[in-house]
Amino acid sequence: MNYLCQQLNREWRFMLRQKYILILLSCTFLISGFSVLTGLNEISQQQQTLERLKAADKIDREEAQAKHDDPGSIAYYSFHLTSSSPSDLAFAALGERDIYPWKHRIKMLALEGQIYESDTQNAELAQAGKIDFVFVLSALSPLLIILLFHDLYASERTSGRHDLLVTTAKTSWALWGARGVIRFICVLLCLMVPFYIGATFSGTSLSNVVMVSFWTVIYLAFWTILSVYWGKNASSAPRVASGLIGIWVLFAFIIPILGDLTINKLVHSPEGGDIVLTQREAVNDAWDIPKTATMDAFTASYPQWKDYVAMESEFEWKWYYAFQQVGDQTAAPLSQAYRSAAQEKYQLAGIASLLSPPLLLQRVLTRLADTDAVAAFQYEQQIRDFHEQLRLFYYPFLFTDKPLDASQLANIPSFEKIINQQKAGINSNINSDQ
Amino acid sequence: MSSFIPTKPKLSKIIIVAKDEWRYWMRSKLAVSVMAIGLLLTLSSVVVTSIKIMELSHARHELQESAEETFVDQPDRHPHRMVHYGHYAFRTPSPLSILDPGIDAYTGNSIFLEGHRQNSAMFADQKQGTALTQLGSLTPAFIVQTLAPLLLILIGYSSVSRERESQTLTYLLSQGTSGTTLIAGKGLALLSVIGLILAPLAVAALFSLQDGESISAILGFILGYGLYLSVWALLVLLFSSALSKNSESFTALAFVWILLCVVMPRVASTTAATAVPAAGKIETDFAVIAELRKLGDGHDAADPAFDKLKAELLEKYNVDSIEQLPINYRGVIASSAEADLTQVLNDFAEQRMQTELSQTQISRQFGWLSPMVAIRSLSMLVVGTSIETHHRFLREAEALRFEFVQALNKVHIEKLSYEDDMNRNKDAAATQKARVGAENWQILEDFNFEVDDAKQRMQRSMGAFLQLLLWIALLVIVIRTTGKRLI
């Protein structure tokens with residue numbers, strides 16, 4: 001034990017005297033710190049935005065509902081905010097939240113016309129990408145590991161100390177192991193300390209912190225072993241590093257790019273524009289076709305209103321909302337195909353990422369943080385569920401003479417309620433499984 | 001040392017050094033494979049991106065035409081139905097975007113235009129993507145901006161330090177080759193590699209001539225990339241001659257590459273987004289709605305907000321009631337409400353664009369710190385795939401929207417009687433009567449989005465050119481001093 005400490009202590013002092021290693025490590029710490037800091041800032045901005053939006057949304061809806069008294073107009077003028085709040089790990093893995101929307105305001109009109117609206121951010125910044133902790137970990141840390149470990153043997157060989165060191169050391173572990181362990185621990189700490197501080201600030205659950213640490217150690221160990229192994233017999237450090245950087249380029253750029261090209265050739269997706277076009281044509285044609293055609297198509301899905309479709313005037317709200325729904329129904333096959341294609345692409349990308357450790361790590365961590373495409377797909381499905389509940393709430397008032405008064409309006413579905421119910425449902429499932 | 005007279009570097013000697021460097025590369029497996037990979041990557045990226053952009057361009061032209069046809073082919077309708085039926089505007093990519101698609105995949109390429117609303121561009125490609133290309137994509141811009149510097153480092157890191165390590169440097173210097181000549185020769189060799197990398201780009205760029213791209217933009221584009229890669233060649237020379245060992249030179253260069261090419265662009269965008277927070281569309285929509293409420297709802301002619309307009313009209317035509325007006329009062333209200341509303345929407349849209357622009361300006365300032373950030377903005381600006389061009393597309397699409405909506409409102413005012421309009425929901429026959437003929441839909445202007453003219457694009461990119469030139473000037477000065485002290 002004492003011997004081990006002695007070895008580590010010696011290597012620690014040796015490292016402190018190597019200026020370039022210190023520069024590398026302090027840059028690692030700074031970059032990691034920057035990514036965590038800006039990540040925390042971004043997430044707190046998102047949360048504040050959501051708070052402001054929730055308040056404004058409530059006021060806006062109450063005003064609209066106070067202004068009108070017939071159910072058709074109330075439904076027409078009431079917007080409903082839906083959102084997907086960032087998780088407690090989102091600060092470290094901002095993921096796809098700048099590409100997929102995480103907030104939508106919808107109303108009871110045809111959903112296909114609303115759901116593709118995106119609350120866009122600056123496209124030029126999105127194109128440059130952002131620096132979050134997951135990026136630092138998956139893309140940058142391998143390069144830093146390469147720079148730290150590629151010359152473990154080669155530097156001693158070129159400076160002529162290699163054979164001397166090997167013959168005087170008790171075991172090869174005592175020499176190379178101690179040196180490697182010290183460097184590994186230092187780079188790990190420089191990367192992770194900012195993350196742990198950030199996690200404390202944002203109240204990340206312990207299990208998430210443990211999972212991130214676990215994957216990080218495995219990932220860094222993979223690159224360390226690769227770097228050391230690659231340089232085992234080489235005497236030219238730059239040659240080793242070139243090879244390793246080549247591997248990194250292969251993993252980070254070439255394999256993903258080839259995967260992307262292949263997947264886009266394999267999976268055919270309908271054009272998004274066609275969905276909206278189909279839906280618009282259906283909705284607009286409704287004004288020119290017999291009302292009964294619309295009502296028949298509507299009652300095919302909602303037979304409970306079959307006896308209430310008779311119209312007394314050329315415009316009635318029940319017909320208006322019926323053709324909105326028929327518009328969605330007409331576009332449904334296309335929309336379904338569009339979503340399936342996106343999901344299929346995502347799944348195939350999962351297979352491709354098995355060949356690319358950086359992407360694999362990104363996928364694992366963004367899944368953990370609930371900021372990946374899957375989270376976006378789930379959010380979209382939640383919006384669809386909510387839209388359906390909203391329609392089901394209004395239909396009785398539209399198709400019968402049932403008055404919609406304030407006491408009824410209090411029961412109007414809200415997106416938050418649905419999310420909480422779904423969460424409760426998942427928890428009760430877990431409990432009943434046990 | 002005082003007797004040392006710096007001789008002017010002779011061109012023939014420089015060329016000899018450069019040729020010698022090439023001989024060394026040709027013998028080294030690493031250099032040959034690196035160059036082969038580099039050339040392969042550039043070529044394939046040029047081919048893949050060109051095909052993709054040409055397909056896109058073709059598809060969007062067709063979509064635009066078919067959108068115009070479907071609009072015109074609509075049956076007889078109430079004119080306001082056509083306002084809601086709407087129209088589409090598609091952004092066709094600029095000719096040079098075969099080399100740098102820029103923000104094309106992030107903005108969405110079509111806008112649905114309808115009355116009373118300004119929609120955002122929909123269906124950005126990224127959303128339907130595999131999320132595999134977050135680190136880099138197979139576009140010539142990415143390959144040359146990010147990977148080409150790495151290639152230069154791999155083949156050039158040892159150019160001077162190698163001579164020192166194998167003790168040939170003193171020999172060379174004592175033979176009368178000055179340090180400056182040596183470095184210049186090595187630099188010339190690297191420059192020829194840059195020429196090799198840029199050749200496929202230049203050929204593809206010249207092809208865009210036939211799509212109407214101007215020659216000055218093409219030259220600006222190639223010059224920009226030439227300057228950018230020269231910065232890297234100079235960095236390689238600097239580290240290789242200032243540091244005494246191959247391994248030191250390599251580690252330092254690799255580290256500089258990580259900082260300038262991988263870290264800095266993202267630090268720039270993250271800093272910009274943090275420094276100028278932008279309210280999202282939903283959030284500004286609340287402010288828009290509040291503003292619009294003051295104006296009155298154009299669907300509701302009885303809204304008290306229109307009382308003044310009503311009084312003015314009655315006075316103008318010298319009649320007592322709106323029924324007696326020779327024009328359709330509801331159409332007048334729709335038209336006037338649309339104009340007021342568009343004013344409000346435009347004010348907010350303009351604010352949002354200004355915010356985006358100031359964010360972008362901040363991130364572009366990082367070009368002083370990283371040549372990669374400089375070439376990134378230079379490239380997008382010259383090609384016309386930057387945020388400025390997208391903003392112009394948004395403005396032109398909005399102009400198109402306003403024009404066709406108001407043209408339809410004019411039809412509403414002049415071609416549809418107020419009485420028929422008011423009775424439209426009475427029965428099926430009245431609904432039929434409250435329509436105008438389909439011949440009135442021939443109001444669309446041809447929409448054809450063209451990239452900004454070359455002069456304007458070049459002017460915008462001046463800042464980025466300056467950033468690259470400053471890098472070059474500074475590096476040349478530092479290298480000259482290093483070259484004189486080369487031992």
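Below, chains carry the letters A, B, ... as their sequence lines are ordered, and counting in each starts from 1. The analysis underlying the following values was restricted to heavy atoms, covering all of them including side chains, and did not include hydrogens, waters or symmetry mates.
The side-chain tip of A:R280 does not point at the ring of B:F112 from less than 6.0 angstrom away and within 45° of straight on. A cation-pi contact, defined as under 6.0 Å to the ring centre and within 45° of the axis, is absent between A:R239 and B:F250.
Chosen from A:E281, A:Q45, A:E42, the residue pairing most often with chain B at heavy-atom distances under 4.5 Å is A:E281. Most heavy-atom pairs under 4.5 Å with chain A: of the set B:A268, B:A252, B:S158, B:S137, this distinction falls to B:S137. The candidate from B:T360, B:T385, B:L154, B:L41 with the greatest count of non-hydrogen atom pairs under 4.5 Å with chain A is B:T360. Heavy-atom pairs under 4.5 Å with chain A peak, among B:E248, B:R364, B:M82, B:Q432, at B:R364. Heavy-atom pairs under 4.5 Å with chain B were tallied for A:I146, A:D288, A:I263, A:I31; the largest tally goes to A:D288. Listed options B:N246, B:T70, B:V263, B:V373 were ranked by heavy-atom pairs under 4.5 angstrom with chain A; first place goes to B:V263. Interface remark: of the candidates B:Q74, B:Q359, B:H390, B:R77, B:R77 forms the most heavy-atom pairs closer than 4.5 Å to chain A. If you tally non-hydrogen atom pairs under 4.5 Å between each of B:T355, B:V267, B:L259 and chain A, the highest count goes to B:V267. Between chain B and the options A:S35, A:A126, A:P238, the largest number of non-hydrogen pairs under 4.5 Å is found for A:P238.
Heavy-atom distances place the side chain of A:Q362, and not its backbone, under 4.5 Å from chain B. If you measure heavy-atom distances from B:Y157 to chain A, the contacts under 4.5 Å come from the side chain alone. Of the atoms belonging to B:E114, it is side-chain heavy atoms, and not backbone ones, that fall under 4.5 Å from chain A. Neither the backbone nor the side chain of A:V267 comes within contact range of chain B; no heavy atom of the residue lies under 4.5 Å from a heavy atom of that chain. No part of A:I255 comes within reach of chain B, as not one of its non-hydrogen atoms sits under 4.5 angstrom from that chain. Contact annotation for A:A241: both backbone and side-chain heavy atoms come within less than 4.5 Å of a heavy atom of chain B. At a 4.5 Å heavy-atom cutoff, the contact between A:N41 and chain B is made by side-chain atoms alone. Looking at A:I245, only its side chain comes within 4.5 Å of chain B, counting heavy atoms on both sides. Contact annotation for B:T431: only side-chain heavy atoms (C-beta onward) come within less than 4.5 Å of a heavy atom of chain A. Only the side chain of A:A139 comes within contact range of chain B, with at least one heavy atom under 4.5 Å from a heavy atom of that chain. Neither the backbone nor the side chain of B:S249 comes within contact range of chain A; no heavy atom of the residue lies under 4.5 Å from a heavy atom of that chain. Heavy atoms closer than 4.5 Å to chain A are found in the side chain of B:L150, but not in its backbone. Proximity to chain B is limited to the side chain of A:E63, based on heavy atoms less than 4.5 angstrom apart. Contact of A:L258 with chain B is not made at all, since no heavy-atom distance falls under 4.5 Å. Looking at A:D285, the atoms closer than 4.5 Å to chain B (heavy atoms on both sides) sit in the backbone and in the side chain alike. With a 4.5 Å cut-off on non-hydrogen atoms, A:D57 touches chain B through its backbone and its side chain both.
Side-chain contact between A:L37 and B:T274: absent, with no pair of heavy atoms (C-beta onward) separated by less than 4.5 Å. Taking 4.5 Å as the limit, every side-chain heavy atom of A:L53 sits out of range of all side-chain heavy atoms of A:R105. Annotation: side chain of B:C261 is not in contact with side chain of B:Q145 (no heavy-atom distance under 4.5 Å).
The main-chain N or O of B:I111 is never found under 3.5 Å from a side-chain atom of B:N119 such that the two would form a donor-acceptor pair. A donor-acceptor pair is defined here as one N or O able to donate and one able to accept, closer than 3.5 Å; such a pair exists between the side chain of A:S138 and the backbone of A:V134. Between the side chain of B:H78 and the backbone N or O of B:H80, at least one donor-acceptor pair lies under 3.5 Å.
The aromatic rings of B:Y88 and B:F90 lie parallel to each other, their planes meeting at an angle below 30°, with 60° marking the opposite boundary. Ring geometry, A:F253 versus B:F142: the interplanar angle exceeds 60°, so the pair is classed perpendicular (tilted spans 30 to 60°). Classified by interplanar angle (parallel below 30°, tilted 30° to 60°, perpendicular above 60°), the ring pair A:F315/A:Y320 is tilted.
From A:H104, atom NE2 reaches atom OH of A:Y116 across 10.0 Å, with rounding to the nearest 0.5 Å.
No salt bridge links A:D260 with B:K52; every basic N to acidic carboxylate O contact stays at or beyond 4.0 Å.
Taking the six-membered ring for Trp, A:Y20 and B:F255 have ring centres at least 6.0 Å apart.
Heavy-atom neighbours of A:K58 NZ from other residues, nucleotides or ligands within 6.0 Å: at or below the threshold of 12.
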